[in-house]
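So the structure is just underneath, and the comments pick up after that.
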Amino acid sequence: MQRGWFARRSPAERVAMDEMNDAWVKCNGCQQILFARDFERNLKVCPRCGHHHRLSARERIALLADPDTFVERDAEVVSADPLGFPEYADKLNKGRANSGLPEAMVSGTCTLSGIPIVLAVADFAFMGGSMGSAVGEKVARAMEYALEQRLPIVTCSTSGGARMQEGLLSLMQMAKTCAAAARLHEAGIPFVSVLTDPTMAGVLASYASVGDVVIAEPGALIGFAGQRVAQQAQVVKPPPNFQTAEFQLEHGMVDIVVPRKELKHTLYRVLRFFTGG
Amino acid sequence: MRTVLDFEKPIAELDANIEALKRITAEQGIDKSEEIAALERDRERLLREIFKNLTPWDRTLLARHPQRPYTLDYIRVIFDDFIELHGDRQFGDDGAIIGGMAWLNEKPVMVIGQQKGRDLKERQRRNFGMAKPEGYRKALRLMHLAEKFGRPVITFVDTPAADPGVESESRGISEAIARNLREMIALKVPIVAVVIGEGGSGGALGIAVADRVLMQEYAIYSVIPPEGCAAILWRDPKRAPEAAEALKLTAHDALCFGVVDEVIEEPLGGAHRDPLTAAQIVKEALLRHLPPLQKMAVSKLRESRYERYRNLGVWQSVLE
Ligand SMILES: [Zn+2]
């Protein structure tokens, strides 16, 4: 990962960079102190334990899109506060400041190793990547654009689930995004869903699970119920790898678990199967 | 044991008094009819008053009322010749979701619904109405069966949530719900969903994608239980009544958001006071909504179902 491999840095990234000015970072997996430059070069994957740290939407796009090919769409679609929900306006402001993004989802078009695609990427720094009306709208529009242009679509999710602060309207985004996915399905437009840490609840139980191919990053937390709810409900003791990418792979819910450094090439190979030949 | 909610207590007291007077009439042959009539008038006035001023939390408790009619109670009254069908043909049969063939006034329909239990044993068997992957997959199997033979689908929604346990996770609860959402949008026969109790987040939605969504007056529909919301917001589940307010989970709210097409009236004091009348009102609503849908061309039906969900949500367009 070269310096300046993405043009705009969000405040969250800048804070991270400031820490890295000290040239050292601590791995969230093994707690080892790492040389920041090695960590960045290794795509924020710990060179010692392989822990995959979260990427921002911009970093993820830089990882997957060919240089200078990403053209953002629907950037104007942002959240409102339809319920007048307590503290929501503040949380939206914090989300914007934290992520440097207007919304928890960035979508657009690009080429991936030369293949033109629609790409929609979530950002966890914006309210935990949660799906409210605006995120649902952006996913649906991205899918509709893919259908209209007959382009394959790749989504990268990182989300705690539906956004509580928009109540029932957030819940309905699950149906809305799956409605758009249904049209892709019928039209035979390839849809590849990449699950990154974490992909939970209302996002996993909607569009993220209905990709033609579902790819997950190693160690990513992937599950339906939040850990707290799941713990309370346990009659059966959860295995040590409960709700990880590897657990989901083992239980047949994920097609491939792919290390980050191979993600782009794997996507290329999958997309080429659908579009090439 | 009958459950009496706090705000129902004044009514329960009047009921007890009325009962006592009736007993005196029966046992001692003393005519108390005037006093009884007076108390019954008071009772009705009190009911109207209490039920006019229900808070969202009161409604949450009513939606979860242990005496509230469940799916099977509605099926018994509304339909004829219900044949329950079992199993998802992949793993097993889930007691939390029931379904089968039935007749609605001489018309064949497929009925599917979440089912809670009445007593402890049945509650466990039905997992408190929390469906597992095999429940959603059974529901989808029956919907496809209905589609194959051109029968409309009617669903009854009443669940706190989908089952959050290890087994459900292992068998793909998220995938099961997601697939239902995608398949229901595209189903070639009409779907009418009725929220009769708790519309608990994705677990409810997994059988509630429909051409018409109806909701009973004292049912709730929410993205998260108020207790969970309060725990996240204020780290205090006891503040659930405030969370219920903030979540806008009442039938009226759902109607305003366009999530629900009609609020179905309940008998005075809630469906649990008069399950038979409650079911008859639901039946009347189904008979009103289903025939126009059955007359629609399949392409038009699917198009308008798509648009219905495509247009849900409130966001803003801000040009930087
Ligand atoms: Zn490490």
Side-chain angles (χ1 to χ4, degrees), chain A residues 75-80 82-83 85-87 102 132-134 136-137 140 162-164 166-176 178-183 185-186 201-202 204-210 223-226 228-230 232-239 242-243 247 251-253, chain B residues 130 161-186 199 201-206 208-209 221-224 228-229 231-233 242 246-249 253-254 257-259 305-306 308-320:
Chain A
E76 73 281 6
V77 176
V78 298
S79 292
L83 275 59
F85 197 91
E87 301 161 39
S133 302
E137 180 68 20
R163 192 176 292 169
M164 184 177 81
E166 289 181 31
L168 202 44
L169 291 171
S170 292
L171 187 69
M172 291 303 130
Q173 304 313 306
M174 293 171 66
K176 179 157 116 185
C178 283
R183 293 209 157 167
H185 179 64
E186 283 190 350
L204 186 65
S206 67
Y207 75 91
S209 278
V210 294
F224 179 67
R228 202 165 39 88
V229 180
Q232 283 166 1
Q234 295 323 341
V235 187
V236 180
K237 200 173 172 290
F242 186 55
Q243 292 187 334
F247 172 89
H251 289 90
M253 299 304 143
Chain B
M130 298 189 292
D163 178 66
V166 173
E167 292 174 273
S168 287
E169 192 75 72
S170 305
R171 296 197 288 275
I173 186 70
S174 302
E175 192 274 345
I177 292 173
R179 181 175 295 268
N180 280 19
L181 303 185
R182 193 188 72 181
E183 296 293 311
M184 289 181 86
I185 274 290
S201 65
L205 188 62
V209 173
Y221 202 173
S222 183
V223 70
I224 184 171
C229 175
I232 293 170
L233 262 190
E242 280 169 80
L247 283 166
K248 305 259 190 286
L249 46 61
D253 294 319
F257 293 144
V259 171
R305 193 186 304 144
Y306 183 85
R308 188 187 187 285
Y309 286 91
R310 181 64 186 84
N311 294 326
L312 285 175
V314 176
W315 42 272
Q316 49 184 338
S317 201
V318 177
L319 292 167
E320 280 189 42

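Bear in mind that the values here come from a model prediction, so they are computed numbers and not experimental data. Quick note on labels: first sequence line is chain A, next is B, and so on, each numbered from 1.
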Which residue out of [options] racks up the most heavy-atom pairs below 4.5 Å with chain A?
options	value
B:M184, B:E183, B:R308, B:E175	B:E175
B:G202, B:S201, B:A208	B:S201
B:I173, B:D253, B:I185	B:I185
B:G313, B:A186, B:S170	B:S170

Tell me, for B:S222 versus chain A, whether the close heavy atoms (under 4.5 Å) come from the side chain, the backbone, both or neither.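 B:S222 touches chain A through backbone heavy atoms alone.
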At a heavy-atom separation under 4.5 Å, does B:A162 approach chain A through its side chain, its backbone, both, or neither? both
Should [X] and [Y] count as side-chain neighbours, where that means a heavy-atom distance under 4.5 Å?
X	Y	value
B:W315	A:L169	no
B:E242	B:L233	no
B:V166	A:P239	yes
A:S209	B:R179	no
B:Y221	A:L171	yes
B:L181	A:M174	yes
B:I224	B:L247	yes

Please flag which part of [X] lies under 4.5 Å from any non-hydrogen atom of chain B: side chain, backbone, both or neither.
X	result
A:M253	side chain
A:F224	both
A:S79	backbone
A:F247	side chain
A:A208	neither

Backbone N/O of B:V209 and side chain of B:R305: donor-acceptor pair under 3.5 Å: no
If you count heavy-atom pairs under 4.5 Å between each of A:A162, A:G223, A:G202 and chain B, which one has the most?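 Max contact count across the listed options: A:G223.
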